[in-house]
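Here is the naming used below: chain letters follow the sequence lines, and residue numbers restart at 1 for every chain.
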Protein chains: 2
Amino acid sequence: MHDPSTCPGCAQPDLAFAPHDHTRCADDVLALAETQLAQGGQRLTPVRRRTLQILLEAHRAMGAYDVLERLAAEGFGHQPPVAYRALEFLEEHGLAHRIRRLNAFTACMHPGEIHAPAFLICRVCNVVAEAPGVAIGLALGQAAKKVGFTVERTTVEALGLCPACALAEGPVRGVA
Amino acid sequence: MHDPSTCPGCAQPDLAFAPHDHTRCADDVLALAETQLAQGGQRLTPVRRRTLQILLEAHRAMGAYDVLERLAAEGFGHQPPVAYRALEFLEEHGLAHRIRRLNAFTACMHPGEIHAPAFLICRVCNVVAEAPGVAIGLALGQAAKKVGFTVERTTVEALGLCPACALAEGPVRGVA
DNA sequence: TGTATGGTGTTATATCATAACATGTCAAGC
DNA sequence: GCTTGACATGTTATGATATAACACCATACA
């Protein structure tokens with residue numbers, strides 16, 4: 001269940017940042033994921049399902065140990081591999097992404113669509129937005145082609161300031 | 001001193017991968033770095049200098065602990081912060097890059113030039129090539145601009161197969 | 001000469017991730 | 001029905017990566 005009261009995106013829609021469309025919030029994505037996996041002969045088991053749900057509910061990047069804590073509290077295993085395995089499974093199947101700069105994971109908001117995601121990470125508030133990465137993927141593919149490199153997966157992340165934090169920080173000159 | 005006998009790039013020039021130009025090997029880069037830093041009022045101290053040298057000589061991505069081991073063996077400090085501080089300094093000043101997928105660092109082969117580097121990482125032999133990232137940086141900048149995000153630093157990495165490993169692996173069908 | 005700054009070193013600890021193995025579950029084939 | 005194989009989950013234990021906090025020393029400069 002998507003809870004707007006705890007969702008940073010929903011709570012601050014005026015940010016014009018991380019503009020997520022609610023036509024596809026938690027439940028929808030979850031259903032979609034299940035169908036998609038079944039077609040590939042894969043199973044969305046309880047741990048995996050709950051892990052995805054946790055990421056979707058959090059609506060932000062979470063460390064593996066944060067996810068683990070929640071899983072453990074709900075009766076799943078208490079050891080790191082439990083979380084890592086579920087997260088890796090989700091990532092492999094395009095249902096979650098790893099944010100390397102944060103050593104964290106986030107639910108994919110566009111499962112099934114093209115997957116060369118780019119992430120915008122605010123260095124102040126740590127909010128992560130998934131930007132359309134098609135153009136970037138193309139540019140990267142071209143650069144790789146020139147040297148005969150075969151691209152299989154990409155990591156594209158930008159660190160900087162989200163609009164809100166830029167406003168708060170940007171105008172400052174002589175820091176107090 | 002650049003030692004071709006231990007340099008993967010030099011040892012396998014026929015790969016057409018990681019085509020590094022020797023007009024700018026270790027010594028040149030080192031000299032350039034010193035000048036560049038001095039202009040910005042920064043110092044290339046012994047640890048920092050030696051760290052850069054180690055990366056240049058290795059001519060491949062190295063973990064912080066690998067670098068530390070070498071530093072320690074040469075009389076510098078033996079604790080992680082020694083390596084991390086030097087590596088972070090170099091990265092901040094565009095003299096080294098962090099390869100997040102490998103949790104490793106590599107010397108920058110084009111100090112002073114534009115810095116939106118993209119890396120091509122072979123998942124078989126782990127060789128890392130720095131590809132021109134200008135087009136990618138532009139695409140990323142545009143995507144960010146659309147949502148009002150200010151980009152400060154970027155991480156662009158592609159995992160895949162270098163030409164040599166693609167040859168060795170690609171044609172295989174029924175794995176033995 | 002005092003004092004501020006930056007660099008190097010330390011100890012200790014935090015954080016992230018995986019190897020190796022035991023157990024359970026379920027469907028396919030005998 | 002039982003066995004077997006594949007896969008999922010759980011464990012213990014350990015490895016690998018990274019940082020906080022503080023002590024010491026040099027240099028620069030008021």
Side-chain angles (χ1 to χ4, degrees), chain A residues 33-34 37-38 40-52 54-55 61-93 95-106 123 126 155 157 159 175, chain B residues 33-34 37-38 40-55 61-93 95-106 123 126 155 157 159:
Chain A
E34 202 136 15
L37 285 175
Q42 301 293 326
R43 298 161 51 202
L44 190 62
T45 61
V47 212
R48 292 170 180 172
R49 183 185 177 83
R50 190 61 194 121
T51 300
L52 179 52
I54 287 169
L55 289 181
M62 293 180 80
Y65 280 72
D66 296 331
V67 172
L68 176 60
E69 202 174 327
R70 308 232 8 213
L71 288 173
E74 296 175 23
F76 294 100
H78 291 234
Q79 305 306 323
V82 170
Y84 280 103
R85 281 195 290 236
L87 290 166
E88 268 153 32
F89 173 89
L90 294 174
E91 202 199 357
E92 264 166 30
H93 295 85
L95 299 169
H97 298 296
R98 191 168 193 146
I99 311 295
R100 301 208 92 102
R101 187 174 288 267
L102 303 178
N103 291 323
F105 299 82
T106 185
R123 71 165 153 79
N126 259 9
T155 301
E157 301 174 5
L159 187 73
V175 179
Chain B
E34 203 137 17
L37 285 175
Q42 302 292 326
R43 297 160 52 203
L44 188 63
T45 61
V47 211
R48 293 171 179 172
R49 183 185 177 84
R50 189 62 194 120
T51 299
L52 179 52
Q53 226 168 20
I54 286 169
L55 289 181
M62 293 180 80
Y65 280 74
D66 296 331
V67 172
L68 175 60
E69 202 174 327
R70 308 234 4 214
L71 287 173
E74 296 174 24
F76 294 101
H78 290 235
Q79 305 306 323
V82 171
Y84 280 102
R85 282 195 291 236
L87 290 166
E88 268 153 32
F89 174 88
L90 294 174
E91 202 199 357
E92 263 165 30
H93 294 85
L95 298 169
H97 298 297
R98 192 168 194 146
I99 311 294
R100 301 208 92 102
R101 188 174 287 267
L102 303 178
N103 290 323
F105 299 81
T106 186
R123 72 165 152 79
N126 260 9
T155 300
E157 301 174 6
L159 187 72

Original post:
Considering residues at least two apart in sequence or located in another chain, which fulfil the ring pair (Phe, Tyr, Trp, His ring centres under 6.0 Å) criterion with B:Y84?
Top reply: none

Original post:
How bent is the helix from C:dT1-D:dA30 to C:dC30-D:dG1, comparing axes over its five end pairs at each side, to the nearest 10°?
Top reply: 10°

Original post:
Which residues satisfy the side-chain contact (heavy atoms from CB on, under 4.5 Å) test with A:Q42, sequence neighbours excluded?
Top reply: A:L37, A:F89, A:H93

**OP:** Send over the distance from A:E92 CD to D:dA8 P, rounded to a whole Å.
**Re:** 10 Å

**OP:** To the nearest Å, give me how far apart CE (A:M62) and P (C:dC16) are.
**Re:** 12 Å

Original post:
Can you check the A:L102 CG to D:dA18 C1' distance for me, whole Å?
Top reply: 15 Å

Subject >> Contacts of type ring pair (Phe, Tyr, Trp, His ring centres under 6.0 Å), residue A:F76, not counting sequence neighbours >> reply: none

**OP:** Sequence neighbours left out, what pairs pass salt bridge (Lys or Arg N to Asp or Glu O under 4.0 Å) with at least one residue falling in residues 43-52 of chain A?
**Re:** A:E34-A:R49, A:R50-A:E57, A:R50-A:E74

**OP:** Would you mind telling me which residue lines up with the more 5' stretch of DNA chain C, A:G63 or B:T45, judged by nearest nucleotide?
**Re:** B:T45

Please list, pair by pair, any protein nitrogen or oxygen found under 3.5 Å from a nitrogen or oxygen in nucleotides 17-20 of chain C.
| unit_1 | atom_1 | unit_2 | atom_2 | d |
| --- | --- | --- | --- | --- |
| C:dA17 | OP1 | A:R98 | NH2 | 2.8 |
| C:dA17 | OP2 | A:Y84 | OH | 2.9 |
| C:dA17 | O5' | A:Y84 | OH | 3.3 |
| C:dA17 | N7 | A:Y65 | OH | 2.7 |
| C:dA17 | N6 | A:Y65 | OH | 3.3 |
| C:dT18 | OP2 | A:E88 | OE2 | 3.2 |

Subject >> Those residues that, when tested against A:R101, pass side-chain hydrogen bond (donor to acceptor under 3.5 Å, both in side chains) (two or more places apart) >> reply: B:T155

**OP:** Mind running side chain to side chain contact (heavy atoms under 4.5 Å, CB included) on B:L55 and B:L87 for me, showing each step along the way?
**Re:** CA-CA 10 Å; B:L55 289 181; B:L87 290 166; 3.9 Å; yes

Original post:
Could you write nucleotides 24-30 of chain D as a row of B, S and -, 5' to 3', where a protein heavy atom under 4.0 Å of any base atom gives B, of only sugar-phosphate atoms gives S, and otherwise -?
Top reply: -------

**OP:** Take the protein atom CZ of A:R49 and the nucleotide atom C1' of D:dA8, then report the distance between them rounded to whole Å.
**Re:** 17 Å

Original post:
In whole Å, what is the span from the NE2 atom of A:H93 to the C1' atom of D:dC7?
Top reply: 13 Å

**OP:** For B:R123, enumerate each residue passing the side-chain contact (heavy atoms from CB on, under 4.5 Å) test, keeping only those at least two apart in sequence or located in another chain.
**Re:** A:E152, B:L159, B:L161, B:E169

Original post:
Distance from B:T51 atom OG1 to B:L44 atom CG, nearest 0.5 Å?
Top reply: 9.0 Å

**OP:** Using whole Å, report how far CD of B:E91 lies from P of D:dT17.
**Re:** 16 Å

Subject >> Nearest non-hydrogen partners of A:G63 and A:A104, listed with the distance >> reply: N-CB, 4.1 Å

Subject >> Whole-Å distance separating the NE2 atom of B:H78 from the P atom of C:dT10 >> reply: 6 Å

**OP:** Might you confirm whether atom CD of A:E91 has over 12 heavy atoms from other residues, nucleotides or ligands at distances under 6.0 Å?
**Re:** yes

Original post:
How many angstroms lie between atom OG1 of B:T106 and atom CD1 of B:I99, to the nearest 0.5 angstrom?
Top reply: 5.5 Å

Subject >> Euclidean distance, B:E157 CD relative to B:L102 CG, rounded to 0.5 Å >> reply: 7.0 Å

**OP:** For B:L68 and B:Q79, work out which heavy atoms get closest and say how close.
**Re:** CD1-O, 3.5 Å

Subject >> Separation of atom CZ in B:R48 from atom P in C:dG9, rounded to whole Å >> reply: 11 Å

**OP:** Kindly state which residues belonging to residues 67-76 of chain A come within less than 4.0 angstrom of DNA chain C, counting heavy atoms of the residue only, listed by number.
**Re:** none

Subject >> Straight-line distance of B:R100 CZ to A:R98 CZ, nearest 0.5 Å >> reply: 12.0 Å

